Amino acid sequence: MGSTTGLVDWRGRPVDTKKHGGVRASMFIHFLVWLGNVVNIGNSMNMVSYLRGTMNMGVAAASTTSTMFLAVMQMFSIPAAFVADSYIRRFYTVLIFAPIEILGYILLAIQAHVPSLHPPPCQAPNNCSPVHGSNLSLLLLGIFMICIGEGAIRACLPALGGDQFDKSDPVEQRLEASFFNWYTSAVSFGGLVGLVLIVWVENNKGWDVGFAVCAGIVLLGLAVWSAGFPFYRNRLPSGSPFTRILQVLAAAFKNRNLQLYNNPDGFNQITGGNAKGVEVLERTKGLQCLDKAAIDNGKGGSWSLCTVHQVEETKIVIRMIPIFITSALGYMPASIILTFTVQQGNTMNTRFGAINVPPATIFVIPTVFQLVVLVVYDRFIVPFLRKKTGYVGGVTHLQRIGIGFVAAIMASGVAAIVEMKRKSVAEQSGLMDSPAPVPMSVFWLVFQFFFVGVVDVTSFVGLLEFFYSEASIGMKSIGSSLFYCMIGVAAWLVTLLIQLVNRVTRDGGRKQGWLDGANLNRSKLDSFYWLVCVIELLSFLGYLYWARRYVYRNDQRVVDKDNKSPVDCDRDEI
């Protein structure tokens, strides 16, 4: 069944592949992805400076609030995806929720502009009044509004982009694989512009001007993206996937004492009008306890008898859970390093000749590396590997994710070594308790940023494609949102880890924890990085265990031009 089944144009008519979808439609999507990340990556990297400098938060509080901002943004993609897959089209979901993000930035701009809405500047490093009360509530409201809008965009745009290509067509199959590489390129290019433009505006023209510019950029991206509406292939909603999964679990429990059929025809199949516009999934081996949900026990009803299609949708989600969990652990260093590196940079020499380089802008270097590697990978490496392996993407999704795991371990180790050197220089210079910058170039942080960039080039694309492609057609937005939710879970785990480490390393409330206080020179950030490195290594071993046993639902092999079926290749294993 081609992936154009169940797709309609903007008037609700079946799509014409010559007029709708393809590269032309995806360009509008990439434009919003680009401008959206100009704003969000720039702010994600610089937000901790706003929280420390303007809102007077301590090291731990600023870090946890910053990671909370990232986590909630990713987590809201789940309810947004649910709405898109169940009730309204993806286009309308973005159109409804994205303006809330614009209002969130306007609210933050007002708070940054009005002196009474934020605390006064610190008189000394240890004499600060952090934001509290109604002002803290206002700050969190603006952050949550941004998260609502951006969460909807992140949930729907990858799935909307995937809908523009038909996997049963050999040409469009390759274009879909390239779409996710170019999607990531748009993210990286947006980050490149944001880390130069947004960070510069916020640091030199003021946070009020910076947040106002962010609102305008998102509005521009939304306007251009909306102009592509006549060209999009739109997936019709197929009802609540969560309800279907719960029905399978309930029916399987009710039928737990029934015997399984040896004859596959004995199971309840999706038929007639119910099969229209959906991808009909065939019964697979494994998780046979769920197959009992498709056995007719004579009671009937959607909570007692499900179809094989529903059972297989549930199996897909369950099979992805171990990959989800281990990948969330694997993505923790990205959140940790992006948060703490900016704080490290604020204590270092930020001069580059006559230019003062904001620490967040250092990420420009690995971002440029990402862009170059993604283009080279998509244009040269993938075609070469495709001929050797027979896989559309050159390697499989799980192999690409595994490479990112190794890069994350390297990033944690390098970050620990650089922090040890920074503290050593601070001690030798007698600056442990001084607000003066440590005589060590901020460009030392490039090394850990470089490995985080490798994580994005490999794991970001691999995970996004994995969750999207493995999800059934009726759950594509949720598949995309699982990826962003995984990043959100990683950020929540970082917050939990910071709090747990601080609690464990305190001595009866008298001694400050590894990451307590506002003085980074007296913290144990280097020890924290080494702890993360160990956690990553253990997580990687767990990932390898589950990845080697995962059987792909969606075949990643190249479609044969003659019979439009995947060419024969050996089953992938890491």
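Since this is a predicted model, take the numbers as computed values, not measurements.
In this structure F460 satisfies the ring-ring contact (aromatic ring centres under 6.0 Å, His included) test together with F483, sequence neighbours excluded. Applying the ring-ring contact (aromatic ring centres under 6.0 Å, His included) rule to F540 yields the partners F405; only residues at least two apart in sequence or on another chain are considered. Partners of F324 by side chain to side chain contact (heavy atoms under 4.5 Å, CB included), not counting sequence neighbours, listed by chain and number: F467, L482, C485, M486, V489. Applying the side chain to side chain contact (heavy atoms under 4.5 Å, CB included) criterion to I96, with sequence neighbours excluded, gives I88. Scored by the ring-ring contact (aromatic ring centres under 6.0 Å, His included) test, Y545 finds no partners at all (sequence neighbours excluded). Under the salt bridge (charged side-chain N to carboxylate O under 4.0 Å, His left out) criterion, R256 pairs with no residue at all, not counting sequence neighbours. Under the side chain to side chain contact (heavy atoms under 4.5 Å, CB included) criterion, L500 pairs with V504, sequence neighbours left out. By the ring-ring contact (aromatic ring centres under 6.0 Å, His included) test, Y331 pairs with no residue at all, sequence neighbours left out. By the side chain to side chain contact (heavy atoms under 4.5 Å, CB included) test, L249 is found to be paired with I245, L290, T314, residues two or more places apart in sequence or in another chain being considered.
With respect to D85 and R90, a salt bridge is recorded, a charged nitrogen being found less than 4.0 Å from a carboxylate O.
For residues 27-38, no residue pair satisfies the side chain to side chain donor-acceptor pair (under 3.5 Å) rule, not counting sequence neighbours. Sorted by first and then second residue, the pairs that involve residues 315-324 and meet side chain to side chain donor-acceptor pair (under 3.5 Å), not counting sequence neighbours, are T284-R319, D291-K315, E312-K315.
Side-chain N or O atoms of Q310 include none that pairs as donor or acceptor with a backbone N or O of Q247 at under 3.5 Å. A donor-acceptor distance shorter than 3.5 angstrom exists from the side chain of N255 to the backbone of K292, with no hydrogens or angles considered. Judged purely by atom type and a 3.5 angstrom limit, E465 has no side-chain atom pairing as donor or acceptor with the backbone of G462.
Remark: K19 is not positioned above the aromatic ring of F231, lacking an NZ or CZ atom under 6.0 angstrom from the ring centre and at most 45 degrees off the axis.
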Side-chain donor-acceptor pairs of residues 218-227 under 3.5 Å, sequence neighbours excluded:
from	atom 1	to	atom 2	distance (Å)
W225	NE1	Y232	OH	3.4
S226	OG	L222	O	2.7

